[in-house]
Structures are given as structure tokens and as C-alpha cells.
There are 2 protein chains.
Amino acid sequence: MAIKCDCEQCELRTAFFESFSQDELGIFCSQKADTAYKRGDIIFLEGDEVKNFSYLKSGLVKLYKTGSLGKDQILTIAGPFDFVSLLGVFSESHHTYSVAVLEDSVLCHIDISYMKAIALKNGLYTLNLMQKLSAITNKIILESMDIRKRNTHGKVAFILLKFSKMIYTGPVFELPISRREMAEYLGITTENVIRTMSEFRKERLIRINGREIEIVDQKALEQISSFG
Amino acid sequence: MAIKCDCEQCELRTAFFESFSQDELGIFCSQKADTAYKRGDIIFLEGDEVKNFSYLKSGLVKLYKTGSLGKDQILTIAGPFDFVSLLGVFSESHHTYSVAVLEDSVLCHIDISYMKAIALKNGLYTLNLMQKLSAITNKIILESMDIRKRNTHGKVAFILLKFSKMIYTGPVFELPISRREMAEYLGITTENVIRTMSEFRKERLIRINGREIEIVDQKALEQISSFG
DNA sequence: ATCACTTTATGATAAATATCACTTTCGTGG
DNA sequence: CCACGAAAGTGATATTTATCATAAAGTGAT
């Protein structure tokens, strides 16, 4: 569903479009399309042709790859104003990963040829874009290494703390993904995610009520996350 | 050791500097410095200030992070014409990883402020740069996921095939890194790298002579790499 | 050549993690 | 509201991987 264009309100604008005049912004605006998605929607699949540069205005999505036996690997979870078109968007003609919606989201799609055309004309814009891309990509790589070096307990503690900070609504928050998706993100089995969370619960580090998690002993979790 | 500037011979030039006139290339050339390094040299350390944009003209280097107990994590191995300044170079003021030389190398260093200044003026250059950065970063992320999803056997088979293709000099090649570094790259223990290689040797998939490896049964190794 | 130090190598054992089997709970579509 | 399938949860067991110990071979410095 296409919704009203509101670039002028876009949080990204200051960082990203400071190089545009009001007029240029208008043209840019007419080239792009905001679209609303619902939980479970697929934005694009690995192998699809790259048509747009996309970023997330609101909501939550996952970037993932699907293995041979339907076993997914989650690359990262993207939140508001993260780029969804990350990596190969400027170098590959087809997507190298899939994107699915975790929480109702609004994405802004900009024609990739148009993006490139602007890049040729507006250096400041491109530099800003590159800095933002660089920052996000760097974050993904570092996080991936961060996860890889931890054991199961450390991984689960890490992701719980990550979500609690990312979603922060007080001591209690709603996990945006299932236990299975947590496992696919962390590279461990679903059972071990559940088991480890149960252990944390028994040790009174967290409280669990379905997807609702309360961080009870943040210090201890941080210990486990750093050490494990 | 600074050596003669030879941008005009640079393989990267066609892709990267097609946007430069001969004159501009001259100016660019005077801003940059080629430097030769020896095996074991450190190009820069995690935490060092980002001063240059660097790429590898020849040789082999590793990008890595050092953990709390001297346990390194290798992010990737970079070969000729790979960028060494990858990720945060446009977004971070300090390096987020270290770079060390595996085989005698020549690197080209370009002042990062100068790089940014050009970016503001020359859209084509910046777009080319972004495409190249995008491609390399994408490759790193995909490879990291590729490694993560494999078990020990699959990981070792994967890295042996990778090196054999990367270095290709015939059926026999010289491993560019130690067993310990392989372990740090794959996220497993040194013992398991050695053990797994021994098993491959016993099953007549490879021959081992120190760092010299011969791929005897490539098909079988590829099976193990895909399946494991 | 020798000494000190690292790397390679192998085995035994411990610890971590996956797999399998099964129950309960939850959520959704009919 | 019920039924069905998916998700959450737990235990028993198998498998994988790490850890520890120890030895041999290689490497560099003097």
C-alpha cells in the first residue's frame, strides 16, 4: 500500500539529504514510494532483481539467507532508519539475501538507477550515503564477529540485552522474533535457545511470559554476555 | 619504505579511476604513498586513528580483531587489489579492526580527507568507489555466513578450497596462514584444524607437507564443504 | 650448532552442543 | 468454539568440539 510522501519529515533527511535543495527534494520525493507492510510480508527474496534502494522508516525487518533444507540464517535485524538495501545493492544485479517483516513496517523505495544518477551529480549526497552505508555495514560485521566468539550462554545473553536496548520500553519488552529465529540469528539450535532462557529464568536473571521478557539482573546478564 | 608511484599501471585504475583525467591522476598520485611491508608487519591496529584509505597492490594481509586473552578473530584475508580500508573508514574516526601482513605486500595509502574531498567533487569516482566497497563488504559478510553455517569438517574443507583457488599455482599450494590462524579464521580450535586436516590426509583427500598442501580429491572436499 | 620458542601433531578426556522424542501451550482459520 | 499446526518447553542421549597433556618437528637468534 502506497502512502503519502513525507520526506520533509524524514529523520534520515538531515544526515542524508542535507545536500538537497527544497526543489531537488521535491523531485526526489516524486521518484520514491513509501510502502506499508505487515508482519510476515516478504520485501524481496534472495535472487530477486535489485530494483530499488530501500530503507526502513518504521517497524522491524530481518535480513536472512535460506539454506538448502529451509534452515534460515539471519544476517541482522534492522530497525527504523536502517538501510534494508545494504550490501550488494550497488554492486550486484540480484539480491544476495532476503528481507522479511517482523513488525508492521513502512519502507521507502527509491529506484536504484535514479539513486546512481543522483550519485553522479551530487558528491555530498553520495558521501553521506556512503558514510551511512559504511556505518551500518561495519556494525553488521562487528556484530557478526561479536556473536561468533560467544558460547551458547553468551549468545543468548547478548541477544536478550540487544533487544532490550533496541526496543527499550522499560524493564519489560516484547521479543520481536521467535525462539527459532533467535536460533537462526545466533547460529545455535532452537532447543538450546529455549533451554538457556529457562536457565536464566531459574537463576532469576530474567522473567519470561511468552515473548514478553523482563530483564531482572542486567549486570549478571552482561557478565555472561562478556565472558561467555 | 616508500616506492615509486605507478598509478598508471594500477589494475584498479580502470574500475576506480576511469573518472580521472591524466592531469587529475597526477595530482592524485602525488597525494598517495605506496609502501612495502614484510611478513609480520602491522599496517594498523584496532583503535588507531584512521588517517588513510588503503588498498593492497600486491601480497596478502589479514584483517582481524584481538580479544581479551590474545585470542584473535580473523575477519578476512585480503589479496591484491582488495581494499584494506573497508568498513568504517568513512564513518569511524578510529579503526575497528587490525591489519597484519601475511606475505610481503605493497599497499597504497591515500589521505582520507583527500579521498573525501574528491568524493565531493567527482560523482563517478565516488560511485565506482562505493560499488567496489559494496562488493567487497558483501563478499565478506556472505563468506562469514558461509563459514558460520558449516561444521568443523566443512569449515576446514571450505578454507582449503578457498586458498587453493585464491593462490592457485597448480595442484600444490602453500598455505598463507598457520593452523592457528586458520582456526582464528574459522572460529574453531587449532587442534581441530590440525586433526581434521590429518583425517583428510588419512582419507587421501589431501597431501600435507608442512604448509604445502596438495588437493588430491577436490570433488570429495567440495562435497564435505557443501554438506558439512 | 645449540638453545629457546613456536608450530604441528596426536591421544585421552571433559564439556558443550545437537539430536530425538515427547508434552504442553499458544494462536489462527474454519 | 474447536481443531489443527506451530511454537515453547523439557529430558535423555548421541555427537561434536574443546580442553589438557605431551611429544616431535620446525624456526630463528646468537
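Below, chains carry the letters A, B, ... as their sequence lines are ordered, and counting in each starts from 1. The figures that follow rest on heavy atoms only: side chains count, while hydrogens, waters and symmetry mates do not.
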Not counting sequence neighbours, which residues clear side-chain contact (heavy atoms from CB on, under 4.5 Å) with A:K71? List them please. none

Pairing residues for B:T66 by the side-chain contact (heavy atoms from CB on, under 4.5 Å) criterion, not counting sequence neighbours: B:Y64, B:D72

Kindly state each residue pair satisfying ring pair (Phe, Tyr, Trp, His ring centres under 6.0 Å) with at least one member in residues 186-228 of chain B, sequence neighbours excluded. B:H153-B:F200

Can you run down the ring pair (Phe, Tyr, Trp, His ring centres under 6.0 Å) pairs that involve residues 157-182 of chain A, sequence neighbours left out, and say none if there aren't any? none

side-chain hydrogen bond (donor to acceptor under 3.5 Å, both in side chains) contacts touching residues 141-151 of chain A (sequence neighbours left out): A:E143-A:K162, A:E143-A:Y185, A:S144-B:S144, A:D146-A:K149, A:R150-A:S225

Pairwise side-chain hydrogen bond (donor to acceptor under 3.5 Å, both in side chains) hits with a residue in residues 78-95 of chain A, at least two apart: A:S91-B:S134

Please report, to 0.1 Å, the donor-acceptor pairs under 3.5 Å made by any side chain of residues 205-212 of chain B, with sequence neighbours excluded.
| unit_1 | atom_1 | unit_2 | atom_2 | d |
| --- | --- | --- | --- | --- |
| B:R207 | NE | B:E214 | OE1 | 3.2 |

Atom pairs and distances, donor-acceptor, side-chain atoms in residues 48-55 of chain B, under 3.5 Å, two or more places apart:
| unit_1 | atom_1 | unit_2 | atom_2 | d |
| --- | --- | --- | --- | --- |
| B:D48 | OD2 | B:L45 | N | 2.9 |
| B:S54 | OG | B:H109 | ND1 | 2.7 |

Could you list the protein-to-nucleotides 27-30 of chain D atom pairs, N/O on both sides, closer than 3.5 Å?
none

With the criterion being N/O to N/O and under 3.5 Å, what pairs connect the protein with nucleotides 2-8 of chain D, and how long is each?
| unit_1 | atom_1 | unit_2 | atom_2 | d |
| --- | --- | --- | --- | --- |
| D:dA8 | OP2 | A:R179 | N | 3.0 |

Compute the angle between the rotation axes at the two ends of the helix from C:dA1-D:dT30 to C:dG30-D:dC1, each taken over five pairs, rounded to 10 degrees. 60°

Across nucleotides 12-30 of chain C, 5' to 3', mark each nucleotide with B, S or - according to how protein heavy atoms within less than 4.0 Å reach it. B----SBBB----------

